[in-house]
2 protein chains.
Amino acid sequence: MKPTIADVAQLAGVSQATVSRALRGVDSVTPTTRQKVLQAAEQLHFTLSKHASSLASGKNMRVMLLTSGKLNQWFNANVLQGIYDVLNPAGYDIAPSYIITQQDAIDFFRHLPNVGNVDAMIIASFQVDNQMRAYLQQTDIPVIGVDIPAQSYGNASIGIDNVDGMRKAVQLLRSLGHSTIGFVTDYMPADMVYSTVERAHIFEQVAQEYGLDQRHAPIISLSEYDHFTSNEQIANELVSRILGLEQRPTALCVQTDASAIAVIKALRNQGIRVPEDMSVVGFDDADIADIADLTTLRQDPYAMGVIAAKKTLDLLHGVELAHPHELLPARIILRSTTQLAKGLA
Amino acid sequence: MKPTIADVAQLAGVSQATVSRALRGVDSVTPTTRQKVLQAAEQLHFTLSKHASSLASGKNMRVMLLTSGKLNQWFNANVLQGIYDVLNPAGYDIAPSYIITQQDAIDFFRHLPNVGNVDAMIIASFQVDNQMRAYLQQTDIPVIGVDIPAQSYGNASIGIDNVDGMRKAVQLLRSLGHSTIGFVTDYMPADMVYSTVERAHIFEQVAQEYGLDQRHAPIISLSEYDHFTSNEQIANELVSRILGLEQRPTALCVQTDASAIAVIKALRNQGIRVPEDMSVVGFDDADIADIADLTTLRQDPYAMGVIAAKKTLDLLHGVELAHPHELLPARIILRSTTQLAKGLA
DNA sequence: TTGTATGCGTTATCAA
DNA sequence: TTGATAACGCATACAA
């Protein structure tokens, strides 16, 4: 049978309350009694029951991480790691959870599983719509956003400055002499909740700033009705659309590194050299970007996780956040998939 | 204030016990009363408190995942995802945790954090030594291993057949005409607990089987005393040792994909072409292997996570496992870093 | 500083 | 099938 606090109390010759105090290190306990208790606990291999503690104290000592997209994705796994590294030392458990479609989200929030069993909720990479916002606002625990487009949402948030990042990307390509720049979107079902879809809108806006009209800043995407079996097929289809444009771009911004790499491969298969004939920049700087030697906009999901967790801790401890909503600057990583536009070399 | 089961009972006009029964779906409850309860619960946005449930029932409904190495690593993140996908629908939470060094492990098991607060423990990629084994055996909850070399450990385990895999790798290279094959180890501090270190031993054994003496099957590794600041430096150092061998290998097995890719880069920097002058095979088939077009031995950590979780569930439900310890067959993925030995083309 | 006693929200035992 | 009621293991007023 697992020992309880009562067993320790008996062995140490003190009351249960004293054991509780000694073990948690709060409240004042005489060094000698503390020692007795600690010894007794050690001897019995005793550990406090989190469930009982939580029930008694009203604190769950758990925070939920809700990601859009699976936990094994580069971004999410790194956010998790960052959160873990600051929350675990503080005594908090992490309850990871994920959602993919809008329907998932609705089901999730309708049943509010766990909510009520966690002290805070960190949500990552969501495209928060009004319905979700409404649900989220119902809950009385702190909600911290990571990479949430509508940065104004929730009690706190951390993201990267996507607009600034996009400006850097477009500016780079412009200064390399590219006058027609395409934006290639990921293929994703209509009801996805990923926040990366925001990037296409931002591109449109930034392209305008840089004097590119719609014809010189085409957006290449797949209709949601199309169905493809492989990433390769998707990339091939995208490339065929790019090649079909009357005003063919000489540079491409691609929504994610993974897509960018697939597109580059498809491009090369058609004899379009990268970067000689076409410059390509990706987004994220995941591991694969380094391997593929891809110019990209760096995101640091681990750092975001760390910051989000720190904000969470502050919120939980009731400290006022000086800057609840923060944006990390974007950084462009120059590698070998971008080059001066043809004729300018 | 959060509603309790009592509030629901009052609203539904039944007793707390009935609410509890109706909500959990166990025990027999009249359809009509169940409806009343469900409606009342919905109306109040009521959710059972996991902590209270656990305390009363003695079941934690939580399983711990303990990985060696961070949670954002390809292997671990995929195991987590696999575990989540089967345990979450079954109503279990996952408590992820990780350990890097032997010291971490000792600290962890000494204080048994969480153990006693989880119903089972899944440990991944560990090099389980006697000390750890002793600690592990003390605990009375099921322990399920994922990719644990000493497959005989624990209540159940799932891994890949590393010996079979190594045979496939060596056989491939042998049949391509390579008569000197090196094994390149990862650089890792002496007190790491990763299970991949086992691979070097297996290579030695398999090389012998294929008639390669020590001179024709050199193991290239860095001493634990060396310190390097970057993976690039490590790869360069390894390559310099390879080139310094009297009997230079024409093929290499590298402990992990990441190392293999770094080594290939370092090799190419020295004018050694891959695969023309040197064939290279990696281990894992992580995302990066595909990008780098690396021949490698595939591991499927997601599948392992799924299987481990299913075994966990069985164990938790008290069902006897027909085959507690399973080994998945290894599969070699042929890509473009291997080729016929020179002169045989 | 320490001990006593109550309550946290649920499950489970026992009657009804 | 349903309703009381006693645990479950701990934290925390309150008293001493």
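All chains are named by letter (A, B, ...) in the order of the sequence lines, taking the proteins before the strands, and each is independently numbered beginning at 1. Small disclaimer: the values here were computed from a predicted structure and weren't measured.
- A donor-acceptor contact closer than 3.5 angstrom links the side chains of B:Asn60 and A:His51.
- Taking atom NZ on A:Lys59 and atom P on C:dG7, their separation rounds to 20 Å, with Å as the unit.
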Collect all protein-nucleotide pairs involving nucleotides 7-11 of chain D in which both atoms are nitrogen or oxygen and the distance is under 3.5 Å.
residue : atom : partner : partner atom : Å
D:dC8   : O2   : B:Ala56 : N            : 3.4
D:dG9   : N2   : A:Ala52 : O            : 3.3
D:dC10  : OP1  : A:Ser49 : N            : 3.2
D:dC10  : OP2  : A:Ile5  : N            : 2.4
D:dC10  : O3'  : A:Ser53 : OG           : 3.0
D:dA11  : OP1  : A:Ser53 : OG           : 3.4
D:dA11  : OP2  : A:Ser20 : OG           : 2.3

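- Scanning for side-chain hydrogen bond (donor to acceptor under 3.5 Å, both in side chains) contacts around A:Asp7 gives an empty result, with sequence neighbours left out.
- At least one side-chain nitrogen or oxygen of B:Thr33 sits closer than 4.0 Å to the OP1 or OP2 atom of D:dT2.
- Overall bending of the helix from C:dT1-D:dA16 to C:dA16-D:dT1, expressed as the angle between end axes built from five pairs apiece, is 30° (10° steps).
- Annotation for A:Lys36: atom NZ counts as buried by contact number, over 12 foreign heavy atoms lying within 6.0 Å.
- Distances were taken from every side-chain heavy atom of A:Thr30 (C-beta onward) to each of C:dT2, C:dG3, D:dT2; the shortest belongs to C:dT2.
- Residue pairs satisfying the salt bridge (charged side-chain N to carboxylate O under 4.0 Å, His left out) criterion with at least one member in residues 13-25 of chain A, sequence neighbours excluded, are absent.
- One can place CG of B:Asn60 at 14 Å from P of C:dT11, the figure rounded to the nearest angstrom.
- Applying the salt bridge (charged side-chain N to carboxylate O under 4.0 Å, His left out) definition to pairs two or more places apart or across chains, those involving residues 316-328 of chain A are A:Lys311-A:Glu326.
- For the OP1/OP2 pair of C:dG3 and a distance below 4.0 Å, the side-chain nitrogens and oxygens of A:Thr18 include at least one atom meeting the criterion.
- In this structure, A:Lys50 pairs ionically with A:Asp93, as a charged nitrogen and a carboxylate oxygen lie closer than 4.0 Å.
- Here CG of B:Leu313 is found 10.0 Å from NZ of B:Lys310. Values are rounded to the nearest 0.5 Å.
- Residue pairs satisfying the ring pair (Phe, Tyr, Trp, His ring centres under 6.0 Å) criterion with at least one member in residues 58-101 of chain A, sequence neighbours excluded, are listed as follows: A:Tyr84-B:Tyr98, A:Tyr98-B:Tyr84.
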